[in-house]
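What follows is a single structure, written as C-alpha cells, with notes after it.
Just the heavy atoms: all of them, side chains too, but no hydrogens, waters or symmetry mates, feed the values below. Not measured: the values here are computed from a predicted model. Lettering of chains follows the sequences in order, A, B, ..., and the numbering in each one begins at 1.
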Number of protein chains: 2
Amino acid sequence: MTDPQFKTWQSIQDEVLRRIHAREWPPGADIPNEADLAREFGCARATVNRALRALAEAGMIERRRKAGTRVALHPVSRATVDIPVIRQEVAALGKTYDYRRLSHAQAVPPTNVAQRLCPDAPCTALHVTALHLASGVPFVFEDRWINLDTAPAAATQDFVTTNANEWLLAHVPYTHGEIRLSAEAASEDEARVLRTDPGAPLFVMERLTWDHGRPVTLARLCYAPGHKIVTHLGTAP
Amino acid sequence: MTDPQFKTWQSIQDEVLRRIHAREWPPGADIPNEADLAREFGCARATVNRALRALAEAGMIERRRKAGTRVALHPVSRATVDIPVIRQEVAALGKTYDYRRLSHAQAVPPTNVAQRLCPDAPCTALHVTALHLASGVPFVFEDRWINLDTAPAAATQDFVTTNANEWLLAHVPYTHGEIRLSAEAASEDEARVLRTDPGAPLFVMERLTWDHGRPVTLARLCYAPGHKIVTHLGTAP
DNA sequence: CTCCTCAATATGTCTATACATAATAATTCT
DNA sequence: AGAATTATTATGTATAGACATATTGAGGAG
C-alpha cells in the first residue's frame, strides 16, 4: 500500500488531518503506529514522526510512549501569542514611544505578591511603577516587583531612563514564565495615571517569570482602554 | 573542538540559549551555521538543526535560507494559549456545564461583521446568540456569525441543543484562525444576559476561523466578570 | 548604470539505521 | 493472590549522507 504521493512531512500532516476531520479517525481513537504509517505512505518513519510531532505540538493529537498516538478527545486549539516589548508595540502603531518612571523603592512585597514572587522564604524585592506612553498618550501602566535574591544586579538600577522590562531582558535570563490575562475595572490610581475614568475596563496582563525555578519578576501591566491583543491559530499567520 | 558533552538537541538548545543570554551572541548577531556548530559540538547537523528550529519556533532566533541564523533583535516572547472548548473550561472548574440558545436567524451581517466574514462579496450568513452557564451561573455570552457559503451544512442546524462551536469543530474543518482579546464595558444587553451591571469590565474574545482562505465563522465571546486566561512562556509548563 | 542570469551557500527535508526511554504486558517469585 | 521482575512495544532521538530550495551576491549583457 505504498503511496508515493506522500513524500513530505507536510503532506503527511495534511493527510492525517484530513482523516481526523473526515472522522476516519474519530476523536479519542488510536491511530496506527509510526512504522505502519510509514509503510502505508511509503516514506521513512522519521518523516511520519515529524508530521505527528507537529500535530501533537498543535494539540490535535496526543502521544505517549508505548501507549501510541490518539486523536485528541477535545481539540484544544493552541494559539500562539507574540508578546513584543512595549517599545516595539508602540512603534508598530506608528507612534513615538516614551517612558516615565513613577516610583522606585526597595520594600517587602505584600502577601499576594510575595506568595508568587518568593513562595518559600521572605525576600527583599524592588518595587517599580512606571508609565509607557504612545505619542504622549498613556499606553500602559506598569506595576512591577523584582526579586533581588534572583536578580541582585537590579538593585543598582534606578530605572529612570531604562525601562525595567528591557533591562531585565538584557541582563537577567529567564527560562519560563506565566502570563495571566484579564479584564478589570480601573482603580482610582490607575484611572488617574492612564487619564481615564475609574471603573473603565482595562486589559490587564500579569507576567511572572522564572529562571530555573527561581522567580525573577512579577509585572502587572494595565493597558489603556481600547487595547487589543491578536493571536493566531494554526500554522500560517 | 569537538565537545562530547553536547549530545542531545536539548543540551545544544541550552548552550545556544546560554550564549545568547551571556551576550556571546548579542541580539541581532549572526550565529555560526549548522555545519560549523555541529563540528564544534561534535554532533550531527540534524541535531543542531533540531535545536535551532525549536528556538526559532519559540521566537528566540530568526532563520533564513542562505542568509543564516541570527539572534532575534527584539526577543518577542511567544506564549502559547490553550483554548479549550467552553464545556471543558467549565468542567475544569468543577462546575456543571449548561447551554442555552438565545436567538437564531439567517441574516445579512452588518458591515463590521461582513468586512471580516465575507470581505470579497456579499454572503448569506447565520446569526446565533447563546449563553454558556457554569453551575447555572452565566459564564460566556456568545454572538456568532457563520458564513453559509463556506459551511452550508450549518443551515440545517438550529443549535438549540448542540452548541455552535462544538458542532463546527466536528463538522467544518478549519486551517487557521485569528483571535482578538480585549477588555470592554458590558453593554445593556450583555449585562442583562450575564447578570451583571452595564459598564462592567468584560473579557472579550473574538475568534475568526478560516478554511483554506475562506472565512468560516466569526464568534464574539464575552466572559462574565472575573475571568482570567493563563498562558505559558518557554517550554515547561 | 541597471537588469538579468547563474553559481554559491545555508537552511530545509528525506532516508535508513541504530539505540534510548517510557510505559505497558507478561512472567516469576514470595 | 499480590508484589516484584522482565519482556515487549511505540515513541523519542542521534547519525551520516543526500538532495531540495530559497536567497544572496557576483558577473555579464544591454
Side-chain angles (χ1 to χ4, degrees), chain A residues 1-17 19-20 25 28-73 234-237, chain B residues 1-17 19-20 25 28-73 78 235-237:
Chain A
M1 277 299 165
T2 66
D3 193 332
Q5 73 182 292
F6 301 115
K7 299 296 290 180
T8 72
W9 70 268
Q10 301 255 11
S11 68
I12 289 171
Q13 192 188 41
D14 289 346
E15 172 63 11
V16 170
L17 270 178
R19 293 187 187 181
I20 292 175
W25 295 336
D30 280 324
I31 77 177
N33 68 45
E34 293 185 349
D36 288 348
L37 284 177
R39 216 168 301 123
E40 183 192 339
F41 291 139
C43 68
R45 184 170 80 89
T47 311
V48 174
N49 181 281
R50 181 85 163 82
L52 295 186
R53 186 156 39 83
L55 286 173
E57 275 166 16
M60 292 297 302
I61 61 180
E62 290 164 2
R63 323 194 70 197
R64 268 165 54 223
R65 276 170 158 150
K66 160 80 180 180
T69 305
R70 64 177 43 189
V71 180
L73 211 48
T235 51
Chain B
M1 280 299 163
T2 64
D3 193 331
Q5 72 182 286
F6 301 114
K7 299 296 289 181
T8 74
W9 69 268
Q10 303 253 12
S11 68
I12 290 171
Q13 192 188 43
D14 289 347
E15 173 62 12
V16 171
L17 271 178
R19 293 187 186 181
I20 291 176
W25 296 336
D30 280 325
I31 77 178
N33 68 44
E34 293 185 349
D36 288 347
L37 284 177
R39 216 169 301 122
E40 183 192 340
F41 292 138
C43 68
R45 185 171 77 91
T47 310
V48 175
N49 181 280
R50 181 85 161 82
L52 294 186
R53 185 155 39 82
L55 285 173
E57 276 165 16
M60 292 298 302
I61 61 180
E62 290 165 4
R63 322 193 71 197
R64 269 164 51 222
R65 276 170 163 155
K66 162 80 180 176
T69 304
R70 64 176 43 187
V71 180
L73 210 47
R78 191 159 296 161
T235 51

Rounded off to whole Å, could you give me the [atom1]-to-[atom2] distance for the [X] and [N] pair?
X	N	atom1	atom2	value
E62(B)	dT11(C)	CD	C1'	15 Å
E34(B)	dT9(C)	CD	P	16 Å
D30(A)	dT9(D)	CG	P	16 Å
I12(A)	dT15(C)	CD1	C1'	12 Å
E57(B)	dG12(C)	CD	C1'	13 Å
R53(B)	dA14(D)	CZ	P	11 Å
D36(A)	dT9(D)	CG	P	12 Å
W9(B)	dA14(D)	CH2	C1'	13 Å

How is R50(A) classified with respect to the nucleic acid when contacts are heavy atoms under 4.0 Å: base, sugar-phosphate, or nothing?
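Sugar-phosphate: the residue R50(A), judged by heavy atoms under 4.0 Å, touches backbone atoms but no base.
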Assign A67(A) to base, sugar-phosphate, or nothing according to its heavy-atom contacts below 4.0 angstrom with the strands shown.
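Result for A67(A) = nothing.
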Just to confirm, is there a sub-4.0 Å distance from OP1 or OP2 of [N] to any side-chain nitrogen or oxygen of [X]?
X	N	answer
R64(B)	dA22(D)	no
T47(B)	dT13(D)	no
T69(A)	dT11(D)	yes
N49(B)	dG12(C)	yes

To the nearest 0.5 angstrom, please state how far the OG1 atom of T8(B) sits from the CZ atom of R50(B).
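The OG1 atom of T8(B) sits 10.5 Å away from the CZ atom of R50(B).
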Can you work out whether Q10(A) or R45(A) has the more 5'-proximal nearest nucleotide on DNA chain C?
Q10(A)
Hey, which sits more toward the 5' end of DNA chain C by its nearest nucleotide, K66(A) or I31(B)?
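Here I31(B) is the residue nearer the 5' end.
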Could you tell me whether R53(B) and E57(A) make a salt bridge, using a distance below 4.0 angstrom between a side-chain N and a carboxylate O?
no
Mind checking whether R19(A) and V16(A) have side chains closer than 4.5 Å, heavy atoms only?
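Sidechains of V16(A) and R19(A): no contact.
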Measuring only between side-chain heavy atoms, which start at C-beta, is L52(B) closer than 4.5 Å to I31(B)?
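Yes, their side chains come closer than 4.5 Å.
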Is it the case that the base of dT23(D) and the side chain of R65(B) share a donor-acceptor contact (distance under 3.5 Å, atom types as modelled)?
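Absent.
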Stepwise side chain to side chain contact (heavy atoms under 4.5 Å, CB included) check, I61(A) with I20(A):
CA-CA 10 Å; I61(A) 61 180; I20(A) 292 175; 3.9 Å; yes
